[in-house]
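Please read all numbers here as calculations on a predicted model, not as lab measurements. In this chain, residues are counted from 1 in sequence order.
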Amino acid sequence: MARTYEVNRVYELMFIVRPDMVEEEQDKLISTLESAVSSSGGKVRSMERMGKRRLAYTVRRFHDGIYILLTVEGGGALIHELERRLRVTEPVIKFLTVRIDEEQKRLDKIKKIREARRKPAPPPAPAETGGETAAVTA
């Protein structure tokens, strides 16, 4: 009998919606995604609206799009469900999901190594004061 357990990982979910989508509809889409995350046992760490930007190439006859970035913590099944929802949502023209927890671990490890190398310098030795030093003669 196989044991199953859910591993929580951190993902960035960037999606682009149509440039003519009004803000109320954007709010509704974001809230449905957030409720899907919470109902699946995940957690939305942050949500950022990056605004309207020019696309690198034409997508579905659109040259511009509104970029939205969600940082989500959850398992693979949660991400699969979010991607399924984005795929069937008509105003979404593109999306991309990237796992960022491994990258964060790597950056933390590099930071620790750099801090270990940068050990504090020993305090300077007290300078001798007064008198001349005697010369040693052979």
Side-chain angles (χ1 to χ4, degrees):
M1 192 147 74
R3 291 174 28 191
T4 60
Y5 57 94
E6 193 68 29
V7 177
N8 278 350
R9 295 189 169 134
V10 182
Y11 298 89
E12 280 187 345
L13 177 62
M14 167 79 71
F15 58 98
I16 307 170
V17 295
R18 299 168 50 131
D20 57 355
M21 190 174 186
V22 294
E23 197 163 336
E24 292 81 28
E25 291 178 15
Q26 292 174 32
D27 292 337
K28 185 178 176 187
L29 174 62
I30 292 168
S31 67
T32 58
L33 291 175
E34 287 175 341
S35 66
V37 169
S38 61
S39 67
S40 297
K43 159 172 117 171
V44 176
R45 284 192 171 180
S46 67
M47 189 279 296
E48 180 181 354
R49 292 175 195 246
M50 301 179 76
K52 190 175 188 177
R53 297 180 181 214
R54 174 73 90 195
L55 299 174
Y57 53 90
T58 304
V59 180
R60 289 204 233 158
R61 298 188 182 150
F62 292 108
H63 300 284
D64 296 327
I66 300 171
Y67 285 67
I68 301 171
L69 176 68
L70 283 177
T71 305
V72 178
E73 185 177 328
L78 165 66
I79 297 304
H80 185 71
E81 173 63 19
L82 288 177
E83 288 180 345
R84 185 194 67 77
R85 287 178 186 241
L86 289 172
R87 209 173 279 117
V88 299
T89 305
E90 193 272 328
V92 176
I93 56 179
K94 278 279 185 194
F95 66 89
L96 178 69
T97 307
V98 179
R99 184 174 151 197
I100 61 169
D101 59 344
E102 288 296 319
E103 183 68 15
Q104 195 63 45
K105 284 180 189 176
R106 188 181 71 79
L107 291 174
D108 290 342
K109 186 176 179 182
I110 290 172
K111 189 176 181 182
K112 284 181 184 177
I113 291 171
R114 286 185 181 162
E115 287 175 359
R117 286 183 189 163
R118 213 182 328 172
K119 288 184 180 176
E128 290 186 30
T129 56
E132 295 178 25
T133 57
V136 178
T137 54

**Message:** For a quick test of reading the model, state the closest non-hydrogen atom pair linking Phe62 to Pro19 and the distance between them.
**Reply:** CD2-CD, 3.6 Å
**Message:** To the nearest 0.5 Å, what is the distance between NZ on Lys43 and OG on Ser38?
**Reply:** 12.5 Å
**Asked** So, are Lys105 and Glu102 salt-bridged, with charged N and O less than 4.0 Å apart?
**Response** yes
**Fill in**
Closest non-hydrogen atoms of Leu33 and Leu86, given as atom of the first, atom of the second and distance, are CD1-CD2, 3.9 Å
**Prompt:** Are Val17 and Met47 connected in a single hydrophobic cluster, I mean Ile/Leu/Val/Met/Phe/Trp/Tyr linked by side-chain heavy atoms less than 4.5 Å apart?
**Reply:** yes
**Prompt:** Donor-acceptor pair, Ser35 side chain versus Thr32 backbone, under 3.5 Å?
**Reply:** yes
**Message:** With clusters defined by side-chain heavy atoms of hydrophobic residues (ILVMFWY) lying less than 4.5 Å apart, directly or transitively, does Met14 cluster with Val72?
**Reply:** no
**Message:** With a 4.5 Å cut-off on side-chain heavy-atom distances among I, L, V, M, F, W and Y, is there a chain of contacts connecting Met21 to Leu69?
**Reply:** no
**Request:** Check whether Ile16 and Ile68 end up in the same hydrophobic cluster, where Ile, Leu, Val, Met, Phe, Trp and Tyr are linked by side-chain heavy atoms less than 4.5 Å apart.
**Result:** no
**Prompt:** To the nearest 0.5 Å, what is the distance between CG (Leu107) and NZ (Lys109)?
**Reply:** 12.0 Å
**Asked** With a 4.5 Å heavy-atom cut-off, do Ile30 and Arg49 have their side chains touching?
**Response** yes
**Message:** Please give me the minimum heavy-atom distance between Phe95 and Glu83, naming the atom from each residue.
**Reply:** CE1-CG, 3.6 Å
**Message:** With side-chain contact (heavy atoms from CB on, under 4.5 Å) as the criterion, how do Leu55 and His63 come out once you've worked through the C-alpha distance, each side chain's angles and the decisive distance to 0.1 Å?
**Reply:** CA-CA 5 Å; Leu55 299 174; His63 300 284; 5.9 Å; no
**Prompt:** For the atom pair CG (Leu13) and CD1 (Ile79), what is the distance rounded to the nearest 0.5 Å?
**Reply:** 6.5 Å
**Asked** Salt-bridged, Asp101 to Arg99, with N to O below 4.0 Å?
**Response** yes
**Message:** Taking the side chain as everything from C-beta on, heavy atoms only, tell me whether Phe15 gets closer than 4.5 Å to Thr89.
**Reply:** no
**Request:** Carefully, step by step, assess Thr97 and Glu12 under the rule side-chain hydrogen bond (donor to acceptor under 3.5 Å, both in side chains).
**Result:** CA-CA 6 Å; Thr97 307; Glu12 280 187 345; over 6 Å; no
**Request:** Take Glu115 and Lys112 through the test salt bridge (charged side-chain N to carboxylate O under 4.0 Å, His left out) and record every step on the way to the result.
**Result:** CA-CA 5 Å; Glu115 287 175 359; Lys112 284 181 184 177; over 6 Å; no
**Item:** CD-NZ distance between Gln104 and Lys111, expressed to the nearest 0.5 angstrom
**Value:** 9.0 Å
**Item:** Nearest heavy-atom neighbours spanning Arg53 and Tyr67
**Value:** CB-CE1, 3.7 Å
**Prompt:** Which atom names give the shortest non-hydrogen contact between Glu90 and Arg18, and what distance separates them?
**Reply:** OE2-NH1, 3.0 Å
**Test: Glu103 and Arg106 ion pair at under 4.0 Å** = yes
**Item:** Arg9 side, atom CZ; Glu73 side, atom CD - distance, nearest 0.5 Å
**Value:** 12.0 Å
**Request:** For the pair Glu25 and Lys28, find out whether any cationic side-chain nitrogen is under 4.0 Å from an anionic carboxylate oxygen.
**Result:** no
**Item:** Considering all heavy atoms, the nearest Leu78-Val37 contact
**Value:** CD1-CA, 3.6 Å
**Request:** Working to the nearest 0.5 Å, report the span between CD of Glu23 and CD1 of Ile66.
**Result:** 8.5 Å
